[in-house]
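Okay, so here's the structure we're looking at.
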2 protein chains.
Amino acid sequence: MMSEETKSDRVREQVAERAAAPSKAAQTRSAILDAGRAFLERHPFRELTVGNLMAATGYSRSAFYQHFNDLHGLMEALLDEVKGGIVEGAQPWLSGDGDPVASLQESLTALVDVGHEHGSILRAVSDAAPSDDRLEHVWHSFLGSFDVIVAARIAEDQERALTPEFDPMPVARALNRMDAGFLIQAFGSVEKSDKDDVLAAIMRVWLSTLYPFDPTVSIDGREH
Amino acid sequence: MMSEETKSDRVREQVAERAAAPSKAAQTRSAILDAGRAFLERHPFRELTVGNLMAATGYSRSAFYQHFNDLHGLMEALLDEVKGGIVEGAQPWLSGDGDPVASLQESLTALVDVGHEHGSILRAVSDAAPSDDRLEHVWHSFLGSFDVIVAARIAEDQERALTPEFDPMPVARALNRMDAGFLIQAFGSVEKSDKDDVLAAIMRVWLSTLYPFDPTVSIDGREH
DNA sequence: ACTAACTCTGACATGATGTCAGAAGAGACC
DNA sequence: GGTCTCTTCTGACATCATGTCAGAGTTAGT
């Protein structure tokens, strides 16, 4: 989960036996992260520059490079903060215990919550990713890891005949891109969509795709 | 559909009464577009630079600016080339005539075909968009226009009780983000996914979401 | 108070961008 | 074929953000 390596990180490792808690470094690092979060709450990533970021912290521009390799390194760190919440929220369904439908609903609710809370970060990361090799790899790996475990989870329910037969991997990919794209579109900018609408839509698609037999899911056709 | 304005465009308008077909301009413009397409077939947008692009054409770097405002302008032009095909391919279902399920299958097939053919362009545009105000607006408007017409189309079939009742707009958004994200992921880089797998997955999600009652769609649960 | 490591800073080199004035080229007209 | 005019291309330039580096300032241990 740790992401970046920084000069001072490497140096500190070399001398690691010594002092264990060099507080000042972590302190300004946090200040930078805070400034980044604040900035991205109101502006798109393309307007973020090392200059204006550090202006907001009171430190010099070059101080930035003691804590991050570049702006994409900063984004990687911000993403790490969010990753955990997403993985955790997805557990109910992914773990495979309990009622599939109910636990999927639970997981999707958690996912939408995280998206709603950290929308600007997710948007910024996905905006920043295409301009950097490394960040792009991190971001795609993150999404890709979900593809694998979602596909596995689908396969389970196919064995139990709860889910129709189909190649799980491409469907998992499709559903995951939907989540990412839709959440970022809905919660990525200043005017966020209504959380319940988003949840309802995502839930409908997942449920009708994976559990079309389930009577809870079904799908009142308004007449007949 | 016309996108960019270029110095020579504006100039040409001012002097428009005069000569009507100055061929040389359009010719080198095409050469640049060709070089761009070729480059993006093999490299990500972030590696595209006015310098290396024009090196491939044999013209000077500054010649580029007679034909496009910047690299994002080039991307806008490349996108315009693809837009038409997508809109056209989507017609069968969007028009609302004929069997909904069959025409949706037709439209999705066409969409996947376009995605497969122009994957690298779509990927490049979506990569380039976040770093430019204008291109981002064009790209999001493009996607957004589909949200509107897809939502309208869904509403129609809800009136005919072919589709379950739900708020069409968010579901349309979700499905469209899925298409965009999944197609770009599948066909955006050098190693493309299998076209049929992609089509099967997209089709399954759309059909189970929109036409869960249809017996054609259903959804063999492999046993019982 | 002294030393050593840690942290920050100003100055610099680099690389891509977009502009501009003028050179080269192409076509029309005599 | 020569000249004129408009079009297209080019080299040189200014700008801007980046990332590096050597050294100044700061902190803490002894």
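Throughout, protein chains are lettered first and strands after them, A, B, ... in sequence-line order, and every chain is numbered starting at 1.
Take A/His116 and apply the ring-ring contact (aromatic ring centres under 6.0 Å, His included) test, not counting sequence neighbours, and it matches A/Phe187. Judged as a side chain to side chain contact (heavy atoms under 4.5 Å, CB included), and not counting sequence neighbours, the contacts of B/Ser120 are B/Glu41. Remark: B/Phe142 engages B/Phe146 in a ring-ring contact (aromatic ring centres under 6.0 Å, His included) (not counting sequence neighbours). For A/His43, the ring-ring contact (aromatic ring centres under 6.0 Å, His included) partners two or more places apart in sequence, or in a different chain, are A/Phe39. For A/Val114, the side chain to side chain contact (heavy atoms under 4.5 Å, CB included) partners are A/Val82, A/Ile86, A/His118, not counting sequence neighbours. For B/Ala63, the side chain to side chain contact (heavy atoms under 4.5 Å, CB included) partners two or more places apart in sequence, or in a different chain, are B/Met54, B/Tyr59, B/Ser60. Residues satisfying the ring-ring contact (aromatic ring centres under 6.0 Å, His included) criterion with A/Phe182, sequence neighbours excluded, are absent altogether.
Residue A/Thr28 has a polar side-chain atom (N or O) positioned under 4.0 Å from OP1 or OP2 of C/dC8. Residue B/His67 places at least one side-chain N or O under 4.0 Å from the OP1 or OP2 atom of D/dC9.
Look at CG on B/Leu74: it is 17 Å from P on C/dA16, rounded to the nearest Å. Atoms CZ (A/Arg134) and P (D/dG19) sit 14 Å apart, rounded to a whole Å. The nearest whole Å value for the distance from the CZ atom in A/Phe68 to the C1' atom in C/dC8 is 15 Å.
At a threshold of 4.0 angstrom between heavy atoms, the contacts of A/Leu71 are confined to the sugar-phosphate backbone, with no base atom among them. At the heavy-atom level, B/Leu53 lies nowhere under 4.0 Å from the strands shown.
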Summary of protein contacts for nucleotides 10-15 of chain C, nucleotide by nucleotide, where a base hit scores B, a sugar-phosphate-only hit scores S (4.0 Å, heavy atoms): B-----

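Here the CH2-OG distance, from B/Trp139 to B/Ser141, works out to 11.5 Å after rounding to the nearest 0.5 Å.
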In residues 193-202 of chain B, what donor-acceptor pairs under 3.5 Å come from side-chain atoms, sequence neighbours left out?
unit_1	atom_1	unit_2	atom_2	d
B/Ser193	OG	B/Ala186	O	3.4
B/Asp194	OD2	B/Asp196	N	3.3
B/Asp194	OD2	B/Asp197	N	3.2
B/Lys195	NZ	B/Asp113	OD1	3.0

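Near DNA chain C, meaning a heavy atom under 4.0 Å from it, residues 30-43 of chain A has no residue at all.
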Please write out the pairs of protein N or O atoms and N or O atoms of nucleotides 22-26 of chain D separated by less than 3.5 Å, giving the distance to one decimal.
none

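For the salt bridge (Lys or Arg N to Asp or Glu O under 4.0 Å) condition, the pairs that include at least one residue of residues 136-152 of chain A, sequence neighbours left out, are A/Glu136-B/Arg46, A/Glu136-B/Arg123, A/Asp147-A/Arg173, A/Asp147-A/Arg177.
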